[in-house]
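See below for the structure under consideration.
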Amino acid sequence: MCGIFGMVNGHPVAKDLLTGLQRLEYRGYDSAGIATLDNGEFQRRRSVGCVSHLESLIRSLPLPGHAGIAHTRWATHGPASERNAHPHIVGRVALVHNGIVENDVALRAGLTRRGRIPQSDTDSELLAMLLDELLEAGKTPVDALRALADQVEGSYAVAMLVQGEGDEIFVTRRGSPLVVSYREGASLLSSDAQALGELASEVIPLADGDVAVLSHDPPVIFDQERTRVTRKARDVEHRKAPTKENFDSFMLKEIHEQPDTIRRTLMDLSSSELSLSSLGSATSLTLAACGTSYYACLLARRWLEEAAGVPVQVELASEFRYREPPLLPGTVLIVVSQSGETADTLAALRYAKEHVRTAAIVNVDDSSMAREADLVIPTRAGTEIGVASTKAFTAQLAALASVASTLRHGCDVDFRELNSAPMAIREVLALSPLLREHAQKLARASRVIYLGRGAGHALAMEGALKLKEIAYVHAEGFAAGELKHGPLALVEPGTPVVAIAPSGPLQAKTLANLQEAKARGAEILVLTDAAGALPAETVGEVVVLPSGRPYLRALIDSVALQLLAYHGASSLGRDVDRPRNLAKSVTVE
Ligand code: M6R
């Protein structure tokens, strides 16, 4: 993960680098740092925690220099500390790195044998050490970067400053994304095109193995054969950095945006030229995703099975990519991802592309998955800043419902009912104070169990993920029917059990399972609808949510679960937008 940014300009670059880092912070916020070249000498500022800490440091200790590289870190090797923060400086080299060095143990041992002792725990510093060694051996910066490919296993996007080379930045990539850009004497680089914001209107994505030199002139790019090449530029849309408006967190704002984001996603899919019917000839569907996106797939499996009348497999992308299961001709593999960059999901897509047709349900238009899948089914959640997926999840459900409805080829009353989703979601949002009261109880517990059947099972897992992710309360979601096969042992007097139990044929079964938990002292909270509402003394506390058929039901229940997690986490004073140890886009496996 991590984010890298860099700039050469005719004036000091620290301010623009900080702005770039702020836009990249979703990639990791364990520590941040900037190094510049000022009159041929390195200047460096690093700090633990988010970019605002680095900003304060630079305010008190200004950072001069017209060429600089910047980094925001999601720790992989070694804890978040100043020592482990990038840029790493070794001899003539200052370096930032995004990616993972897989042979770091061997590299560290080799460097140590050669008398070079790393100062940090990171794999990235080893790259700086190797490059400095190569420069000492007489290689040019471009050749040194190219030589990395022979010594390093794993993925990297690297930007380096070299003392004695003037205001130039040398970059290369393998496996990790990197774009460069040029405008009126200023060169830029970033691991994410969007982070360039208003500074660039077009970017040049580098190909694997490219090495580029950034200066006051347009970037010079060499391919892995050392041939000078021209890479195609593409436009980037100028998007203003989103603000929290009147909300106290991005997550709460994003929860409240759902009436619009769902409507937009549905409208866009119904009015676009997109031919989802090309999925109609599939003899089976395989869905692959991670985290919350995986739960969206699990939830929609039954919708798709019923609609298409073909088998539907749902796979965790991180398992699927290494299991490499046979994909029979006629199968369509659909990846689902907010970012379109999740490393495991992207790998699943690339594996499947060698065998079958592919589609991507994805929220970021210019993401790798959007570019590589045969068919793109866009979600229109807009930029999601909160690490917890909320509006992206419900937009994925809306898109999956849209796919199911297209495959059904006929009158689909369940799908038509989604026209009323914005109104129903506003009704759930109005229940926020009531949900907050319940959430405060969940937040005080040492563990929370979520139960459901059918779609409720996927929602139970998603609800539990949300609570543990942002409140750090241990929560697990189970199929209600599984309770007595093991999880019931976790129930003791006072254990909260949240049940997703709308009216319908499965409700009585779930309620019976809840009685089993209640008999062991569990404190039950049932999320249901008017037709499924029961007196509190029957089973426990009840929150009555708006009614809806399966597609709408899933959206309604999702929003209620998001609010429970949000209020639980806020009552504990958590930073809901930036939960500890996590990052928004998981670009390492
Ligand atoms: O960008 P993606 O949808 O591919 O991300 C997958 C997961 O990393 C993501 O859904 C994660 O589980 C969320 N933070 C959960 O809220």
Side-chain angles (χ1 to χ4, degrees), residues 242-270 291-293 295-297 299-300 303 336-339 361-364 377-402 414-436 439 455 458-459 462-463 465-467 469-470 500 502 527 529 543 545-570 576-577 584:
T243 62
K244 290 182 200 165
E245 293 167 16
N246 295 327
F247 295 93
D248 61 11
S249 66
F250 280 107
M251 181 182 177
L252 191 58
K253 178 184 159 216
E254 286 159 3
I255 290 174
H256 280 78
E257 282 172 353
Q258 291 175 105
D260 281 341
T261 52
I262 292 167
R263 186 186 44 77
R264 251 198 334 258
T265 299
L266 291 168
M267 260 180 53
D268 204 67
L269 285 175
S270 66
T292 287
S293 301
Y295 294 136
C297 299
L299 199 157
W303 301 349
V336 178
S337 174
Q338 187 285 126
S339 60
I361 297 182
V362 67
N363 196 44
V364 179
I377 303 166
T379 52
R380 293 290 176 221
T383 308
E384 193 178 61
I385 303 280
V387 164
S389 171
T390 53
K391 59 176 182 168
F393 176 64
T394 49
Q396 289 167 347
L397 293 180
L400 285 159
S402 202
D414 291 7
F415 188 65
R416 278 214 310 270
E417 191 197 42
L418 284 184
N419 289 329
S420 61
M423 201 169 59
I425 286 169
R426 277 188 207 104
E427 285 175 43
V428 184
L429 294 173
L431 293 171
S432 190
L434 173 64
L435 289 163
R436 179 169 54 220
L459 284 167
E462 166 58 11
L465 175 66
K466 271 308 74 100
L467 188 71
E469 180 182 22
I470 58 167
I500 298 98
L527 303 181
D529 50 11
V543 173
L545 299 168
S547 304
R549 293 164 182 276
Y551 301 146
L552 182 58
R553 176 84 264 130
L555 297 176
I556 290 168
D557 292 340
S558 303
V559 178
L561 291 166
Q562 293 164 4
L563 286 169
L564 275 181
Y566 167 79
H567 286 306
S570 326
V576 295
D577 287 339
K584 182 72 185 158

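Residue indices begin at 1 and follow the sequence shown.
Contact between Ala565 and Lys466 at its shortest, heavy atoms only, is CB-CB, 3.6 Å. Closest heavy-atom contact between Leu564 and Leu435: CD2-O, 3.5 Å. Contact detail for Ile377 and Ala399: the closest heavy-atom pair is CG2-CB, 4.4 Å. Residue Ser293 comes nearest to Gln396 through the heavy atom pair OG-NE2, 3.0 Å, listed as atom of the first residue, atom of the second, then distance. In terms of heavy atoms, Ile556 sits closest to Ser547 at CD1-O, 3.7 Å. For the residue pair Ala421 and Ile262, the shortest heavy atom distance occurs at CB-CG2, 4.1 Å.
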Query raised in the report: How far apart are the C-alpha atoms of Leu555 and Leu418, what are their side-chain angles, what is the distance that settles it, and do they pass the side-chain contact (heavy atoms from CB on, under 4.5 Å) test?
Result: CA-CA 9 Å; Leu555 297 176; Leu418 284 184; 3.7 Å; yes
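Considering CZ of Arg426 and OG of Ser420, their distance stands at 11.0 Å, rounded to 0.5 Å. Taking CG of Leu266 as the reference point, atom CG of Asn419 lies at 7.5 Å (rounded to 0.5 Å). Interatomic distance, CD of Gln338 versus OG1 of Thr383, reported as 8.5 Å (0.5 Å rounding). Between atom CD1 of residue Ile425 and atom CG of residue Leu545 there is a gap of 11.5 Å, rounded to the nearest 0.5 Å. Atom OG of Ser339 and atom NZ of Lys584 lie 8.0 Å apart (nearest 0.5 Å). In this structure, CZ on Phe393 lies 5.5 Å from CG on Leu299, to the nearest 0.5 angstrom.
With Lys253 contributing its side chain and Phe247 its backbone, the two residues share no donor-acceptor pair below 3.5 Å. Using modelled atom types, no side-chain atom of Asn363 and backbone atom of Ala392 make a donor-acceptor pair closer than 3.5 Å. Under the 3.5 Å distance criterion, the side-chain polar atoms of Glu384 are matched with a main-chain donor or acceptor of Thr390. The closest donor-acceptor contact from the side chain of Thr265 to the backbone of Arg380 lies under 3.5 Å. At distances below 3.5 Å, at least one donor-acceptor pair connects side-chain atoms of Ser249 with backbone N or O atoms of Leu252.
Counting only heavy atoms from C-beta outward, the side chains of Asp260 and Pro422 never approach each other to under 4.5 Å. In this structure, the side chains of Asp577 and Ile385 stay at 4.5 Å or more apart for every pair of heavy atoms. No side-chain heavy atom of Glu462 sits less than 4.5 Å from a side-chain heavy atom of Ser558.
Evaluated for a side chain to side chain donor-acceptor pair (under 3.5 Å) with Lys391, the options Glu257, His256, Glu254, Gln258 yield exactly one hit, Glu257.
Counting only residues at least two apart or on different chains, the salt bridge (charged side-chain N to carboxylate O under 4.0 Å, His left out) pairs with a member in residues 545-569 are Asp414-Arg549, Asp529-Arg553, Arg553-Asp557.
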